[in-house]
Amino acid sequence: MATEREKSPRRGMCAAIVSMEGLAVALAAPVMISIGGVSAGLALPLGLGFFVACIVVAGLLRRPWAYWIGWALQVVAIGMGFLITIMFVVGVIFAVLWGMADILGRKIERERAAAFEAYDRIVAEEQAEQETEEEV
């Protein structure tokens, strides 16, 4: 089990966003077929492929480069708006959510690292004081 220091709020938030996005785009495939007039031969592989890519990226977010792939998926989702217009809206919404999860997650991780560093410094100072008291 991961310790408190090993948990990554950024990874968790981004994984949740990209997973939900994959599901939303997969569910948009039938809409592309019925309303958008996109052929099933294009819409189904595109929707399901995007879903699989999102799930894979969610699992790879332990690696720093996976966040760049996540950004690329946002571009692809917005680009699907050329097939059916509503995907421009859906893509932009998920891109904003992804961006906020990425940016806020980085901020939280920086602040947590600073807090743990301060805590470690305080504990080390207390231990040093106890050692000097024991020597006296």
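Please read all numbers here as calculations on a predicted model, not as lab measurements.
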Open item on the list: Checking L73 against F94 for the side-chain contact (heavy atoms from CB on, under 4.5 Å) test, could you report, in this order, the C-alpha distance in whole Å, the side-chain angles of both residues, the deciding distance, and whether it holds?
Closed with: CA-CA 10 Å; L73 287 175; F94 276 106; over 6 Å; no
Note: with side-chain heavy atoms under 4.5 Å as the link, the other cluster members for L44 come out as I33
Residues 73-102 vs salt bridge (Lys or Arg N to Asp or Glu O under 4.0 Å), sequence neighbours excluded, gives R10-D102, D102-R106
Nearest heavy-atom approach of V25 to M87 is CG2-CE, 3.7 Å
Residues passing the side-chain contact (heavy atoms from CB on, under 4.5 Å) test with V38, sequence neighbours excluded, are M32, L42, A43, L83
What one should report as the nearest heavy-atom pair of I17 and A101 is CG1-CB, 4.2 Å
Note to self: One pair to check against side-chain contact (heavy atoms from CB on, under 4.5 Å): V90 and I93. What are the steps and the verdict?
What the structure shows: CA-CA 5 Å; V90 173; I93 289 170; 5.7 Å; no
Residues passing the side-chain contact (heavy atoms from CB on, under 4.5 Å) test with P9, sequence neighbours excluded, are I108, E109, R112
In terms of relative ring orientation, are F82 and F88 parallel, tilted or perpendicular, with 30° and 60° separating the classes? perpendicular
Residues pairing under side chain to side chain donor-acceptor pair (under 3.5 Å) where one sits in residues 19-29, two or more places apart or in two chains, turn out to be E21-Q74
Residues passing the side-chain contact (heavy atoms from CB on, under 4.5 Å) test with I103, sequence neighbours excluded, are none
Measuring only between side-chain heavy atoms, which start at C-beta, is F51 closer than 4.5 Å to L27? no
